[in-house]
**Q** 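Submitted below is the structure of interest, expressed as structure tokens.
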Amino acid sequence: MTAPSNSSPFATSLRTHLAGSLRAADALTHVRLGGWVHRSRNLGGIVFLDLRDREGIVQVSFGTDWSSAECIALAAAVGVESVVMIEGTVVARTAATRNAEMGSGDIEVRATVIEVVGPAETPAIPVARGKGEKLPSEELRLRHRYLDLRRAELQQSLMLRHRLLQVTRRHLSERGYLELETPILTKPTPEGARDYLVPSRVHPGEFYALPQSPQIYKQLFMISGFDRYFQIARCFRDEDLRADRQPEFTQIDIEASFVQRDDILALAEGLIGALWREAGHEIPAHFERMTYEAAMEKYGCDRPDLRYGLEIVDFSTLFDGADFGIARAALAAGGRVRGIVVPGAASWSRKQVDELEAIAKGAGALGLLRVKKTDGKYEGPIAKFLSAEAQNALALEEGALALFVAGADRITSPALDRVRQECAVRLGLVDETVRRFLIVTDFPMFDRDPGSGALGAVHHPFTAPNPEDMAAHPDEPHRWRALAYDVVLNGLELGGGSIRTHDSVTQSRMFSLLGIGDPAEQERRFGFLLEGLRAGAPPHGGIAFGVDRIAMLLSGAASLRDVIAFPKTTTARALFEGAPTQVSPEEMSALHLRLEGA
RNA sequence: GGGGGCGUAGCUCAGUUUGGUUAGAGCACUCGACUGUCACUCGAGAGGUCGCGGGUUCGAACCCCGUCGCUCCCGCCA
């Protein structure tokens, strides 16, 4: 028996190794271990405890040949999830008792000492699960988060998240980016999402806001000359939640000076490459690029999933002279008839295609027109409206189904996007092993509120418009493109950014176009940025990536909640801590707050 | 703000369609047996405001109304 070795970096004054890290090479080593009792098997004369820590599980055995009766009795009595410290010797297992499914399955620890240092009550939710056994409900997992977090899956996900953040820090630091912090108590911004507000005690009736992003601060860093900034930034938005949306989330926030779009995009490709590599995936050094306009035209969506085709085609000319009211009305109103051709879908039942129509209608379409080719003939409700010439132009393959939506692009695009995605799922075209990265560029600067006609910023008000567009159409800002870009993977937005406006005159004009024309109002809301821009601002731009979503993708987690240690529910509650919560009248009073109706 | 799903033992679920004796199963738990298991096995046992409130009924886990919680989606998320 050798003396306790201190070779493990996890050795402390209480233990020598992490239990889950022991391997055949450690045989004959005398070890002291601490961990949680994952499972126990009491065979009478011999007792096995599976001892778990963050590195995994090791089997600890208690037998009459090497353990005292007292020790065996203690081991037999300890409950699962209790914390024990054991001392013993690593022993190679015989061929017959080896467990190939465990990392430490070639060895076990023959224990001579056991101490129950943290006895556990019967856990409210099980940590060890049998094969095929379902997880407890989300509610219980969140309420007993400290137990849920003991599961290997969550520990692995959070450890991967740690590695991703370390890679980010190293990658960006090596390129001269400075990790600089920005305030959490900031100024409310009326644009964008609802702010989380924090009442001020010392200034009655005034409020801080939690940042929706450090946008303006990072621009001020550029104005100050730091040149390159990044931050693993927590952001807050008080909007209703989704499976992939939490009220507080983490961004890799980046800004750089004296750059143009492609400088930022090259950095983005490099960083994404480093992150995916850390998770064990080599990806292309450069990503495919597509303009917003092309993405909307071919996919009806600004973050298309390129893993499959089924691209959208403009079929308006097929219906040009056709005596077909729906198409005629759409074309007369300046719309188009667009559609997708789905190979092999002619065999889909009426009901199946009706389900697609329901999806299209749910996205705003009036209906979904259909024609298919079977036995060399065009069939379907609109076949009779297609002339022989039009049929030739459509040129369906045998067994194909064509689906059309008529109307303005703002109707047909989202409808066909949804239909396209559903068809891909049905045809099994969504290959989870394929990664298609894409950079979408040239977003429009503004969109119009359909009701009021007011302009809104597609990205944010600090994005620079394309100078060529401003010069070519000075009085038609709705035609301006923005120097904005998104990074997309398989139909999911990983991040986005833009080159910013760096002169105060243009910035002031942008505010005016967005309905903040009064100079005093501009100064009140954004004075600290405008002042900064007037003080000498370099050309600058940046990008931000969603850490939670990236960690979710790379860990294979099903929900954002599985890569966040202490997430909120879909009603923005923290079930474990119990936040939000009422506060005492005294605290309310100190903050100069009174509840409505109280 | 709107719509869908779920809520029965510590956990996962069956039972609700068509109201009817004492609400079941597996795992976990307690006790007992067992010296090579690894989801140990075997025997016995304990464990239930059927989310909550109200209503209909001779009778409600089951039907109706309301409400709470979790979840998914639409709106929303520059």
Side-chain angles (χ1 to χ4, degrees), chain A residues 38-51 57-67 72 76-77 79-81 91 93-102 104-105 108 110 120-144 147-148 189-195 212-213 215-216 235-247 249 359 362-364 414 418 443 445-447 449 455-463 482 484 493 496 498 510-511 514-516 544 546 558-559 561 568-573 575:
Chain A
H38 189 66
R39 271 199 181 91
S40 64
R41 292 173 293 282
N42 179 359
L43 276 64
I46 185 165
V47 175
F48 299 101
L49 297 185
D50 288 341
L51 189 67
I57 290 172
V58 71
Q59 173 168 282
V60 181
S61 62
F62 299 81
T64 46
D65 290 351
W66 60 90
S67 316
I72 295 175
V80 292
E81 296 310 317
V91 177
R93 297 205 210 176
T94 64
T97 59
R98 205 165 280 157
N99 185 340
E101 289 173 22
M102 284 173 87
S104 64
E108 68 177 9
R110 297 203 168 169
E121 298 170 356
T122 302
I125 57 173
V127 177
R129 277 182 306 143
K131 290 175 185 128
E133 194 178 319
K134 285 191 185 177
L135 284 174
S137 72
E138 191 88 28
E139 182 176 0
L140 290 165
R141 290 177 48 204
L142 292 173
R143 199 174 297 286
H144 306 285
L147 286 173
D148 200 36
T189 54
E191 278 71 35
R194 260 186 295 272
D195 283 320
Q212 294 182 29
S213 86
Q215 181 61 35
I216 294 180
C235 306
F236 307 85
R237 293 178 191 173
D238 187 5
E239 296 291 347
D240 290 343
L241 305 181
R242 289 285 186 283
D244 61 349
R245 206 194 293 164
Q246 282 274 308
F249 57 97
I359 290 170
R418 301 273 284 275
F443 280 77
M445 185 68 218
F446 302 107
D447 55 14
D449 183 288
L455 290 181
V458 168
H459 189 56
H460 57 53
F462 319 112
T463 295
E493 182 190 331
S498 65
M510 301 307 291
F511 288 142
L514 290 167
I516 316 169
S559 161
R561 291 183 293 273
K568 306 285 189 286
T569 68
T570 46
T571 57
R573 271 191 186 285
L575 293 182

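Every chain is numbered from 1, with letters handed out A, B, ... down the list of sequences.
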**Q** Identify, between A:A77 and A:G63, the residue whose nearest nucleotide on RNA chain B lies closer to the 5' end.
**A**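 Looking at the nearest nucleotide for each, A:A77 comes out on the 5' side.
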**Q** Just how far, in rounded Å, is P of B:rC74 from CG of A:D240?
**A**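 Checked: the CG to P distance equals 12 Å.
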**Q** When rounded to the nearest Å, what value does the distance between P atoms of B:rC29 and B:rG10 take?
**A**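 Roughly 15 Å separates the two P atoms.
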**Q** Heavy-atom distance under 4.5 Å between the side chains of A:T570 and A:R561, does that happen here?
**A**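 A:T570 vs A:R561: side chains touch.
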**Q** I need the CD-P distance between A:E139 and B:rU8, as an integer number of Å.
**A**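 Whole-Å distance recorded here is 10 Å.
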**Q** For B:rU22, which nucleotide is its Watson-Crick or G-U wobble mate, given both distances must be under 3.5 Å?
**A**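 Its partner is none (no Watson-Crick or G-U wobble pair with both distances under 3.5 Å).
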**Q** Taking CG from A:N42 and C1' from B:rU35, how many angstroms apart are they, rounded to a whole number?
**A**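 Distance check: A:N42 CG to B:rU35 C1' gives 10 Å.
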**Q** Any idea which of B:rC76, B:rG36, B:rC70 is nearest the A:T97 side chain?
**A**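 Within the option list, the nearest is B:rG36.
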**Q** Which of these passes side chain to side chain contact (heavy atoms under 4.5 Å, CB included) with A:H144: A:D148, A:L142, A:L147?
**A**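 For A:H144, the side chain to side chain contact (heavy atoms under 4.5 Å, CB included) test succeeds with only one of A:D148, A:L142, A:L147, which is A:L147.
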**Q** With both distances under 3.5 Å as the test, what is the Watson-Crick or G-U wobble partner of B:rA61?
**A**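 Result: none.
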**Q** If the cut-off is 4.0 Å, is A:R41 near the phosphate of B:rC40, judged by side-chain N/O to OP1 or OP2?
**A**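 Indeed, a polar side-chain atom of A:R41 lies that close.
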**Q** When the C1' atoms of B:rG59 and B:rG32 are compared, how many Å lie between them, rounded to an integer?
**A**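 B:rG32 and B:rG59 have their C1' atoms separated by 43 Å.
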**Q** Expressed in angstrom and rounded to an integer, what is the separation of A:I46 atom CD1 from B:rC38 atom P?
**A**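 Taking atom P of B:rC38 as the reference, CD1 of A:I46 is at 12 Å.
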**Q** Output the rounded distance in Å from CD1 (A:I125) to P (B:rC29).
**A**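 Going from A:I125 (CD1) to B:rC29 (P), I get 15 Å.
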**Q** Which part of the nucleic acid, if any, lies within contact of A:L241, taking any heavy atom under 4.0 Å across all strands shown: a base, the sugar-phosphate backbone alone, or nothing?
**A**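 Since no nucleic acid heavy atom lies under 4.0 Å of A:L241, the category is nothing.
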**Q** Counting the atoms with a prime plus P, OP1 and OP2 as sugar-phosphate, which does A:L575 contact under 4.0 Å by heavy atoms, base, sugar-phosphate, or nothing?
**A**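 Sugar-phosphate, backbone atoms only, no base.
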**Q** Taking the side chain of A:T569 as heavy atoms from C-beta outward, which of B:rC70, B:rG36, B:rC77 is closest to it?
**A**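 Side chain of A:T569 sits closest to B:rC70.
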**Q** Enter the distance from A:D50:CG to A:R39:CZ here, rounded to the nearest 0.5 Å.
**A**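 So the gap between those two atoms works out to 7.0 Å.
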**Q** Between A:K131 and A:Q212, just flag the one whose closest nucleotide in RNA chain B comes earlier from the 5' side.
**A**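 The 5'-side residue here is A:K131.
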**Q** Within less than 4.0 Å of OP1 or OP2 of B:rC70, is there a side-chain N or O belonging to A:T571?
**A**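 For A:T571, the contact criterion (side-chain N or O under 4.0 Å from OP1 or OP2 of B:rC70) is met.
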**Q** Is it true that A:E108 and A:R110 make a salt bridge, defined as a side-chain N closer than 4.0 Å to a carboxylate O?
**A**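 A salt bridge links A:E108 with A:R110.
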**Q** For nucleotides B:rG7 and B:rC62, find the distance between their C1' atoms and express it as a whole number of Å.
**A**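 Approximately 14 Å lies between the C1' atom of B:rG7 and that of B:rC62.
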**Q** State which of B:rC72, B:rC34, B:rC29 makes the closest approach to the side chain of A:T570.
**A**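 It is B:rC72.
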**Q** Tell me the interatomic distance from A:R110, atom CZ, to B:rU37, atom C1', rounded to whole angstroms.
**A**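 Interatomic distance, CZ of A:R110 to C1' of B:rU37: 13 Å.
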**Q** Among B:rC77, B:rA39, B:rC29, which nucleotide has an atom closest to any side-chain atom of A:R245?
**A**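 The answer is B:rC77, which lies nearest to the side chain.
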**Q** Indicate whether OP1 or OP2 belonging to B:rC76 is found under 4.0 Å from a side-chain N or O atom of A:R242.
**A**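 Negative; the distance criterion is not met.
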**Q** Within the structure shown, what part of the strands sits under 4.0 Å from A:V47 by heavy-atom distance: base, sugar-phosphate, or nothing?
**A**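 Nothing: the residue A:V47, judged by heavy atoms under 4.0 Å, touches no strand.
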**Q** Check whether any side-chain N or O of A:R98 sits under 4.0 Å from OP1 or OP2 of B:rC38, and answer yes or no.
**A**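 No.
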**Q** If you round to the nearest 0.5 Å, how far is CG of A:D238 from CZ of A:R194?
**A**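 Rounded to the nearest 0.5 Å, the CZ-CG separation comes to 6.0 Å.
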**Q** Counting only side-chain nitrogens and oxygens, does A:S137 get under 4.0 Å of the OP1 or OP2 atom of B:rC70?
**A**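 No, A:S137 has no side-chain N/O under 4.0 Å of OP1/OP2 on B:rC70.
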**Q** Take atom C1' in B:rG51 and the same atom in B:rA9, then report the distance between them in whole Å.
**A**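 Each nucleotide's C1' atom is 15 Å from the other's.
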**Q** Indicate yes or no: at least one non-hydrogen side-chain atom of A:R41 is less than 4.5 angstrom from one of A:V47.
**A**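 A:R41 does not reach A:V47 side chain to side chain.
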**Q** Answer yes or no: is there a donor N or O on one side and an acceptor on the other, between the side chain of A:S67 and the main chain of A:T64, under 3.5 Å?
**A**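 Flag not set: sc A:S67 to bb A:T64 has no pair under 3.5 Å.
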**Q** Does A:Q212 form a side chain to side chain donor-acceptor pair (under 3.5 Å) with A:D195? I'd like the steps, not just the answer.
**A** CA-CA 7 Å; A:Q212 294 182 29; A:D195 283 320; 2.6 Å; yes
**Q** So for A:T64 and B:rU35, does any side-chain atom that can act as donor or acceptor lie under 3.5 Å from a complementary atom in the base?
**A**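 Counting by modelled atom types and ignoring angles, a donor-acceptor contact under 3.5 Å is found here.
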**Q** Would you classify A:D65 as touching base, sugar-phosphate or nothing, given that sugar-phosphate means primed atoms plus P, OP1 and OP2, and contacts are heavy atoms under 4.0 Å?
**A**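 It contacts nothing in the nucleic acid.
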**Q** Using both distances under 3.5 Å as the test, list the Watson-Crick or G-U wobble partner of B:rC6, or none.
**A**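 For B:rC6, the partner nucleotide comes out as B:rG69, under the 3.5 Å rule.
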**Q** How close or far is atom P of B:rG10 from atom CD of A:E133, stated in whole angstroms?
**A**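 A:E133 atom CD is separated from B:rG10 atom P by 16 Å.
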**Q** Does a nitrogen or oxygen in the side chain of A:K134 sit under 4.0 Å from OP1 or OP2 of B:rC13?
**A**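 For B:rC13, OP1 or OP2 has a side-chain N or O of A:K134 closer than 4.0 Å.
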**Q** So if I take every side-chain heavy atom of A:Q59 and compare against B:rC38, B:rU35, B:rC70, which nucleotide ends up nearest?
**A**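 Nearest listed nucleotide: B:rC38.
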**Q** Should A:R561 be listed as having a side-chain N or O under 4.0 Å from OP1 or OP2 of B:rC72?
**A**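 Yes, because at least one side-chain N or O of A:R561 sits under 4.0 Å from OP1 or OP2 of B:rC72.
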**Q** Could you work out the separation of B:rG54 and B:rG75 based on their C1' atoms and round it to a whole Å?
**A**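 Per the computed distance, 33 Å lies between those C1' atoms.
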**Q** How long is the line joining CG of A:L140 and P of B:rC13, in whole Å?
**A**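 A:L140 atom CG is separated from B:rC13 atom P by 11 Å.
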**Q** Counting only side-chain heavy atoms from C-beta out, which of B:rU12, B:rG36, B:rC77 sits nearest to A:R93?
**A**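 Given the options B:rU12, B:rG36, B:rC77, the side chain of A:R93 is closest to B:rG36.
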**Q** If you only use heavy atoms from C-beta on, which nucleotide in B:rC77, B:rC72, B:rA28 is closest to the side chain of A:E239?
**A**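 Ranking B:rC77, B:rC72, B:rA28 by closest atom to the A:E239 side chain puts B:rC77 first.
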**Q** Is any side-chain N or O of A:E108 under 3.5 Å from a base N or O of B:rG36, one able to act as donor and the other as acceptor?
**A**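 A donor-acceptor contact between them is present.
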**Q** With rounding to whole Å, what would you report as the distance between B:rC27 and B:rA14 at their C1' atoms?
**A**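 It comes out at 15 Å once rounded to the nearest Å.
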**Q** Between B:rU18 and B:rA23, how far is it from one P atom to the other, in whole Å?
**A**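 Roughly 24 Å separates the two P atoms.
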**Q** Decide yes or no for A:H460 and A:S498: does some side-chain heavy atom of the first lie under 4.5 Å from some side-chain heavy atom of the second?
**A**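 Side chain of A:H460 against side chain of A:S498, heavy atoms only: contact under 4.5 Å found.
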**Q** Pick the P atom in B:rC72 and in B:rG15, then give their distance to the nearest Å.
**A**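 Result for the P pair: 25 Å, nearest Å.
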**Q** Considering Watson-Crick and G-U wobble pairs with both distances under 3.5 Å, what does B:rC42 pair with?
**A**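 Paired with B:rC42, as far as the under-3.5 Å criterion goes, is B:rG32.
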**Q** Base, sugar-phosphate, or nothing: which does A:P126 touch, judged by heavy atoms less than 4.0 Å apart?
**A**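 Sugar-phosphate, backbone atoms only, no base.
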